[in-house]
Amino acid sequence: MSFLLSEQHRMIQRLACDVAQKEIAPQAAQWDHTETFPKVVIQKLAALGLMGVCVPEVYGGSGLDHFSYVLALEEIAVACASTAAIMSVNNSLVCEPLKLFGNDVQKKTFLTPLARGEKLGCFCLSEPNAGSDAGNQQTVAVKKGDRFILSGTKNFITNGPQADIAIVFAVTDKAQKKKGVSAFIVDKHQKGVEVGKVEKKMGIKASGCCQLIFNEAEVSVQNLLGEEGQGLKIALRTLDSGRIGIGAQAVGIARAAFEAASAYAKERHQFGKAISEFQAIQWILADMATQIDAARLLVHRAAHLDDEGRSFTKEAAMAKLFASETAMKVTTDAVQVYGGYGYSKEYPVERFFRDAKITEIYEGTSEIQRLVIASQVLR
Ligand code: CAA
């Protein structure tokens, strides 16, 4: 792993930075305020190949590596954490399992429009009683001839209100417990699939999040992803990749807060000088910069291992854990550097602070990341 970016990596970083700063950053506060899904910008990301970064070109993607993906995602997250969340769900939680476990027909039918950004995906694992305990699925899929009939409720589905295609986990054999869970590709617009409660969230307000209710939704056996009973493994393998993306999103949010706080510290004068001249503020900024770099290195290491085809479960959990806690710490300190202005919606750091919190929760809480890391280091 090199600490220097290749020309190709610099190009994708510049491409993402350019669209982020020109088209996303100027509108992010407004989208947050009005809770508006940034549809036009998602189409723009799609046109640039950023909705299917790691999908082979033959299936409509950009055919790039996971390292390119995290570089791009960090840039988007600096501008707007909501847009980064939408992008990461489509790339990591939907395109990735279709790429890894789908057959050729499924890739042509579902992966291609998702990678091109013509369709949007969501990932339906969480349920009212299956959050951290993902294996405790209650949604059932009963086989009838050449179809499965899906019934159950999925909770906190990012992209749920806007999605066209859902990866849905359901129990096909109750007796097999965790080994009786299977994964399905479901058309969200079909009969028997309903959008339930739409969540009013603390942060990432421009991304949609809702309950999805499956009421005897008929799914062809051809839409079974992987094999029957392989569902939980598909979900956990998918989340390994997803957690690297959330790490990159967290680094982006932290960087946005650091950049705002350091610029403000140079402008804000108290006691006759810029507050950046006080050691109390300098030490806060020094710690922020150090933690952000450390978080980014963990994210890059995990992405690199994924690209090398090596095991990266522990490294992805470490990257997500450290980056999300860094995002929370850095955004809290950025509010502090701004003082009273930091608490006001007129300045951006209160949005960064609200957006950071979700990175410690979704795709596995910090407690679950520690559990995954501990289970690996104690092996
Ligand atoms: N990759 C592939 N397979 C894996 C795996 C991985 N990383 N980790 C475990 N497995 C396999 C195991 O080997 C096991 O298979 P065998 O029995 O054949 O050996 C099977 O999967 C089940 O593993 P465990 O028995 O270890 O599973 P568990 O029930 O004890 O759960 C857990 C482990 C770490 C707690 C896991 O449930 C977990 O990660 N929970 C958190 C779930 C989560 O992140 N939810 C977020 C949902 S997505 C989201 O946030 C929504 C959104 O829209 C953004």
Side-chain angles (χ1 to χ4, degrees), residues 13-14 16-36 38 41 71-85 201-207 246-299 322-360:
Q13 192 181 45
R14 269 199 304 269
C17 178
D18 202 46
V19 68
Q21 290 310 313
K22 285 192 185 136
E23 319 231 5
I24 301 177
Q27 304 188 72
Q30 183 63 13
W31 294 333
D32 170 73
H33 185 61
T34 55
E35 304 192 11
T36 304
V41 150
L71 291 171
L73 192 55
E74 177 185 328
E75 296 304 322
I76 302 299
V78 170
C80 174
S82 298
T83 306
K201 303 190 273 24
M202 173 195 286
I204 56 163
K205 282 168 171 276
S207 67
I246 301 308
Q249 181 195 23
V251 170
I253 297 168
R255 202 180 106 199
F258 167 73
E259 285 171 4
S262 43
Y264 181 79
K266 285 192 246 172
E267 277 167 23
R268 172 76 173 162
H269 282 68
Q270 289 291 280
F271 305 104
K273 54 185 176 180
I275 61 170
S276 61
E277 291 177 40
F278 290 103
Q279 198 177 46
I281 301 297
Q282 290 171 356
W283 284 21
I284 292 175
L285 296 173
D287 283 348
M288 284 180 172
T290 307
Q291 285 154 2
I292 292 168
D293 272 13
R296 184 184 293 110
L297 286 170
L298 284 174
V299 169
F322 190 81
S324 61
E325 293 192 346
T326 293
M328 207 58 245
K329 172 91 174 74
V330 168
T331 56
T332 304
D333 289 347
V335 171
Q336 196 68 18
V337 169
Y338 270 75
Y341 297 104
Y343 205 64
S344 162
K345 284 197 179 288
E346 273 182 42
Y347 291 86
V349 286
E350 68 83 34
R351 170 165 57 91
F352 304 148
F353 173 83
R354 288 185 287 104
D355 286 344
K357 186 61 202 169
I358 191 59
T359 65
E360 291 185 318

Atom OH of Tyr343 with >12 non-hydrogen neighbours under 6.0 angstrom:
no
Atom CD1 of Ile24 and atom SG of Cys17: how far apart are they, to the nearest 0.5 Å?
10.5 Å
Report yes if the side chains of Gln27 and Thr36 come closer than 4.5 Å at any heavy-atom pair, otherwise no.
no
Gap separating the CG atom of Leu285 from the OG atom of Ser262, nearest 0.5 angstrom
5.5 Å
In this structure, CD of Gln279 is separated from CD of Gln282 (nearest 0.5 Å) by 6.5 Å
Determine the interplanar angle of the Tyr264 and Tyr338 rings, folded into 0 to 90°, and report it as parallel if under 30°, tilted if 30 to 60°, perpendicular if over 60°.
parallel
Quick one: pull up CD in Glu267 and OG in Ser276 and give me the separation to the nearest 0.5 Å.
10.0 Å
Min side-chain heavy-atom separation Phe352-Val330 under 4.5 Å
no
Find out whether Val337 and Ile275 are in side-chain contact, i.e. whether some heavy atom of one side chain is under 4.5 Å from a heavy atom of the other.
yes
So does Asp18 pair up with Lys22, basic N to acidic O under 4.0 Å?
yes
Give a yes or no on whether His269 atom NE2 has more than 12 heavy-atom contacts from other residues, nucleotides or ligands under 6.0 Å away.
yes
Lys/Arg-Asp/Glu bridge criterion (N-O < 4.0 Å) met for Arg354, Glu350:
yes
Take Tyr347 and Val335 through the side-chain contact (heavy atoms from CB on, under 4.5 Å) test and state the conclusion after the steps.
CA-CA 9 Å; Tyr347 291 86; Val335 171; over 6 Å; no
Can you confirm whether Phe258 is buried at CZ, in the sense that more than 12 heavy atoms of other residues, nucleotides or ligands lie under 6.0 Å from that atom?
yes
Return the minimal non-hydrogen interatomic distance between Thr83 and Pro38, and the atom names on each side.
OG1-CG, 3.8 Å
Write down the atom of Ala261, the atom of Met288, and the distance for their closest heavy-atom approach.
CB-CE, 4.2 Å
Could you tell me which non-hydrogen atom of Val299 sits nearest to which non-hydrogen atom of Gly247, and how far apart they are?
CG2-C, 3.6 Å
Which residues satisfy the side-chain hydrogen bond (donor to acceptor under 3.5 Å, both in side chains) test with Asp293, sequence neighbours excluded?
Arg296
Any side-chain heavy atom of Val19 sitting closer than 4.5 Å to one from Ile76?
yes
Non-neighbouring partners of Arg255 that pass side-chain hydrogen bond (donor to acceptor under 3.5 Å, both in side chains), sequence neighbours left out
Glu74, Glu75, Glu259
Note: Ser82 and Ala206 closest approach over all heavy atoms is OG-N, 3.1 Å
For the student: nearest non-hydrogen atoms of Leu73 and Ala84, plus distance:
CD1-O, 3.5 Å
side-chain hydrogen bond (donor to acceptor under 3.5 Å, both in side chains) involving Lys357 - partner list, sequence neighbours excluded:
Glu360
Note: Ala323 and Ala295 closest approach over all heavy atoms is CA-CB, 3.8 Å
Can you tell me how far the CD1 atom of Ile204 sits from the SG atom of Cys80, to the nearest 0.5 Å?
9.5 Å
Within a strict 4.5 Å, meaning less than it, do heavy atoms of the Phe278 and Lys273 side chains meet?
yes
Are any non-hydrogen side-chain atoms of Val349 and Thr331 less than 4.5 angstrom apart?
no
If you round to the nearest 0.5 Å, how far is CD1 of Ile292 from CG of Asp287?
10.5 Å
Main chain of Ala81, side chain of Gln249: is a donor-acceptor contact present, judged purely on distance under 3.5 Å?
yes
May I have the step-by-step check of side-chain contact (heavy atoms from CB on, under 4.5 Å) for Tyr341 and Arg268, ending in yes or no?
CA-CA 11 Å; Tyr341 297 104; Arg268 172 76 173 162; 3.9 Å; yes
